[in-house]
Number of protein chains: 2
Amino acid sequence: MLDLRRLEILHRFAARGTISATAADLGYSPSAISQQLAALEREAGVALLERTAQRASLTDAGRELAEHAARILAAAEAAHSRMRARIGTVSGRVTVSCIHALAPALAPHLAALQRAHPELNVVAHETGSVTAAAAVLDRRYDLAVIDDWSEHPPAEGTGLSVHRLRREDIVLALPTDHALAEQSGPATAAQLRKIVHHETWLCAPVGQLSRAAGDRYLTAVDATPPRRWEFEGLHILAALVATGAGVAFLPAGLAQEQAGVVGLPLAASPQRTILALTRTTTREDPAVTACLQAARQALSRGR
Amino acid sequence: MLDLRRLEILHRFAARGTISATAADLGYSPSAISQQLAALEREAGVALLERTAQRASLTDAGRELAEHAARILAAAEAAHSRMRARIGTVSGRVTVSCIHALAPALAPHLAALQRAHPELNVVAHETGSVTAAAAVLDRRYDLAVIDDWSEHPPAEGTGLSVHRLRREDIVLALPTDHALAEQSGPATAAQLRKIVHHETWLCAPVGQLSRAAGDRYLTAVDATPPRRWEFEGLHILAALVATGAGVAFLPAGLAQEQAGVVGLPLAASPQRTILALTRTTTREDPAVTACLQAARQALSRGR
DNA sequence: TGGCGGCTTTAAGGAGAACTGATGCTGGAC
DNA sequence: GTCCAGCATCAGTTCTCCTTAAAGCCGCCA
């Protein structure tokens with residue numbers, strides 16, 4: 001009989017790649033992981049790992065068993081969720097991932113939830129939007145709050161539940177004393193080209209979703225910024241706009257909150273969507289749904 | 001994290017109904033089962049059993065978790081089978097069920113298989129045809145050899161693989177010195193009515209599949225035996241026919257093997273099918289397939 | 001070449017889990 | 001009333017599993 005904890009270890013090892021990282025993830029010493037994987041090999045009767053002194057990697061059999069393990073663990077988690085749904089108490093450990101920019105909004109609601117349910121143990125980390133889905137499916141997080149800047153938010157994948165929390169327009173963020181700050185209608189393409197040409201363009205580094213979306217829009221209106229400053233974090237960009245350092249594309253809500261910044265609407269406005277991701281197997285878990293509800297309250301006040 | 005062994009215990013309890021029987025099935029003391037189920041309740045956070053002093057029964061939650069357990073265990077077994085298929089060695093414990101009448105034919109082949117593979121541990125029991133499918137699905141047996149006397153053998157159910165080993169005609173078994181023993185063509189309905197009226201009719205007790213099938217045929221030709229002797233076991237019936245005690249419906253092969261018995265064909269001959277049942281999750285397990293192969297060799301020499 | 005650091009395994013020991021056997025309880029059968 | 005089947009609990013022993021400590025291997029760098 002294969003042991004469920006050992007399958008969990010194998011599954012995590014398949015996701016992380018080293019015994020040390022697996023141990024860190026699961027809160028054990030590397031020695032324990034090594035021993036448990038050896039025991040699993042003994043049980044299965046097959047070599048699951050190719051071991052060298054400084055690297056362990058999965059064999060074909062190990063990879064296959066890890067895939068089976070994913071299915072088995074999902075079934076077990078579904079069963080556990082159902083039992084938790086039966087008692088209905090919000091308790092246990094829930095790991096939450098949140099992108100940098102939304103953490104300040106989310107944190108107080110999670111803290112309140114934890115105060116309301118002392119048995120609940122919320123563990124929050126920061127993760128980027130790109131890797132979040134895989135991390136949730138890999139059971140590294142039970143709930144992930146991310147944003148998506150494409151026109152079409154990701155669909156529900158295998159085992160993944162996608163919850164849309166908020167959708168808001170992207171605006172052109174200008175310093176309050178900018179010549180166009182008083183304009184009521186949306187910025188025209190011509191205005192945008194002129195601004196981009198004269199001002200420093202503030203944006204996220206390449207690889208960020210917001211950067212790609214902004215570049216798409218700029219290309220569409222045929223504007224190419226001659227001067228770019230790249231900073232990570234939308235809050236920083238908003239603050240920089242306020243100091244007069246340049247202009248940027250920002251979510252409407254963020255531009256509105258930042259003192260010294262005015263948001264000018266855009267024609268055919270791009271949008272960003274704030275999403276929450278959970279596994280379908282935990283959909284009924286009261287603790288997870290409570291955290292999801294908290295995220296909804298924290299972040300869905302936009303339209 | 002729910003424990004797989006405990007889920008197995010719950011699942012077995014759901015099938016058997018008492019803690020003692022569960023313990024006997026799994027080879028533990030009742031005390032161990034009681035403690036493990038209590039631990040599972042603690043893990044799940046729900047009451048799974050309603051306990052009185054002399055009886056424990058599942059609650060709704062317990063029933064539901066037992067159903068989940070069946071799925072989880074099936075997934076685990078499938079994974080284990082895949083690993084065993086990878087190494088390909090015929091080893092481990094295989095529990096085989098066989099109906100009474102076929103045991104003599106099957107036993108030597110299983111014994112030979114066990115001699116050829118010392119790591120293999122075949123455990124054989126006798127079980128009736130009616131309950132075998134449920135027992136295989138409940139994991140009490142990995143392989144069951146049964147017979148079926150209906151026109152249409154059972155189809156593959158959820159998780160059950162049905163292997164047809166042999167199909168043979170039912171004949172009218174007569175003592176060698178009977179007046180009709182030399183007849184070459186099949187027995188007519190009129191002959192049958194006459195024989196039934198004059199001879200003692202030998203058949204299995206009510207509830208057996210062979211009895212039901214025989215009665216159906218007798219009813220169809222409008223023959224009702226005034227004198228019945230009911231004995232369990234087709235071999236006994238064959239031996240009784242040889243002594244001249246009466247006549248019976250028997251599978252052709254059995255009638256042929258029995259000295260002093262002649263088998264007279266029947267018009268629109270009923271048939272019996274010998275089937276092997278396995279779980280689909282163990283389909284790839286080399287040990288199970290080897291046992292199945294042995295059963296095929298032992299029993300499929302008919303047409 | 002020698003030392004350092006990351007990754008791994010092995011060995012030893014201790015904490016906890018789990019099984020057994022004994023004991024006690026309950027309710028139905030005789 | 002007495003017996004019996006079934007279940008829970010308790011104490012004790014065995015076994016599992018995790019941690020710490022030690023050591024090996026390999027790449028990297030001085």
Side-chain angles (χ1 to χ4, degrees), chain A residues 1-59 61-63 65-66 69 73 76 80 93, chain B residues 1-63 65-66 69 73 76 80 93 140:
Chain A
M1 163 102 41
L2 297 169
D3 184 71
L4 213 53
R5 284 165 20 87
R6 289 175 180 155
L7 289 176
E8 159 106 45
I9 291 174
L10 179 69
H11 180 243
R12 191 59 63 102
F13 177 84
R16 301 295 264 103
T18 75
I19 288 184
S20 315
T22 307
D25 269 18
L26 297 176
Y28 291 122
S29 67
S31 170
I33 302 300
S34 175
Q35 290 177 60
Q36 288 304 304
L37 286 176
L40 185 59
E41 283 187 296
R42 222 177 309 122
E43 278 180 354
V46 201
L48 303 173
L49 298 166
E50 274 168 7
R51 302 147 181 279
T52 59
Q54 83 275 18
R55 179 136 209 88
S57 59
L58 287 177
T59 62
R63 248 184 304 280
L65 187 55
L73 291 168
H80 203 191
R93 177 192 173 94
Chain B
M1 163 101 42
L2 297 169
D3 184 70
L4 213 52
R5 285 165 19 87
R6 289 176 179 155
L7 290 177
E8 159 105 46
I9 291 173
L10 179 68
H11 178 244
R12 192 57 64 101
F13 177 83
R16 302 295 264 103
T18 75
I19 290 184
S20 315
T22 308
D25 270 18
L26 297 176
Y28 292 121
S29 66
S31 169
I33 301 301
S34 175
Q35 291 178 59
Q36 288 303 304
L37 286 176
L40 185 60
E41 284 187 294
R42 220 178 310 122
E43 277 180 354
V46 201
L48 302 174
L49 285 80
E50 273 168 5
R51 301 148 181 278
T52 60
Q54 82 276 21
R55 177 136 208 90
S57 59
L58 288 176
T59 62
D60 284 349
R63 249 184 303 280
L65 187 55
L73 291 168
H80 203 192
R93 177 192 173 92
R140 284 208 292 282

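Residue numbers begin at 1 in each chain, while the letters A, B, ... track the order of the sequences.
Nucleic acid contact for B:A56: sugar-phosphate only, since backbone atoms but no base atoms lie under 4.0 Å from a heavy atom of the residue.
Scanning for side-chain contact (heavy atoms from CB on, under 4.5 Å) contacts around B:S20 gives B:T18, with sequence neighbours left out. Residues meeting the side-chain contact (heavy atoms from CB on, under 4.5 Å) test with A:S57, sequence neighbours left out: A:E50. With sequence neighbours left out, the side-chain contact (heavy atoms from CB on, under 4.5 Å) criterion links B:H11 to B:A69, B:A70, B:L73, B:D138, B:R139. Shown here are the side chain to side chain donor-acceptor pair (under 3.5 Å) partners of B:R55, two or more places apart in sequence or in another chain: there are none. Partners of B:E43 according to the side chain to side chain donor-acceptor pair (under 3.5 Å) rule, which considers only residues two or more places apart in sequence or in another chain, are B:R6. The salt bridge (charged side-chain N to carboxylate O under 4.0 Å, His left out) test applied to B:R63 returns B:D60, not counting sequence neighbours. Scanning for side chain to side chain donor-acceptor pair (under 3.5 Å) contacts around A:Q35 gives A:S31, with sequence neighbours left out. For B:R16, the side chain to side chain donor-acceptor pair (under 3.5 Å) partners at least two apart in sequence or on another chain are B:D25.
Distance, B:I9 CD1 to D:dC7 P: 14 Å, rounded to whole Å. Atom CZ of A:R6 is separated from atom C1' of D:dC18 by 12 Å (rounded to the nearest Å). Between the P atom of D:dT16 and the OH atom of A:Y28 lies a distance of 17 Å, rounded to the nearest Å. Rounded to an integer number of Å, the gap from B:L49 CG to D:dC7 C1' is 11 Å. Look at CD1 on A:I33: it is 16 Å from C1' on C:dT10, rounded to the nearest Å. Between the P atom of D:dC7 and the CG atom of B:L58 lies a distance of 12 Å, rounded to the nearest Å. In this structure, CG of A:L4 is placed 13 Å from P of D:dC17, rounded to the nearest angstrom.
Heavy-atom distances under 4.0 Å link DNA chain C to A:T18, A:I19, A:S20 of residues 12-20 of chain A, given in residue order. Within residues 34-42 of chain B, the residues that have a heavy atom under 4.0 Å from DNA chain D are, in order of number, B:S34, B:Q35.
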For nucleotides 23-25 of chain C, which of its nitrogen or oxygen atoms have a protein nitrogen or oxygen under 3.5 Å away, and what is each distance?
none

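Contact annotation: the side chain of B:I33 never approaches that of B:R12 to less than 4.5 Å [non-hydrogen atoms, C-beta and beyond]. At least one side-chain heavy atom of B:L40 sits less than 4.5 Å from a side-chain heavy atom of B:L10. Side-chain contact between B:L37 and B:L48: absent, with no pair of heavy atoms (C-beta onward) separated by less than 4.5 Å.
The side chain of A:R5 places no N or O atom within less than 4.0 Å of a non-bridging phosphate oxygen (OP1 or OP2) of D:dC17.
On a pure distance criterion of 3.5 Å, no polar donor-acceptor pair joins the side chain of B:T52 and the base of C:dG27.
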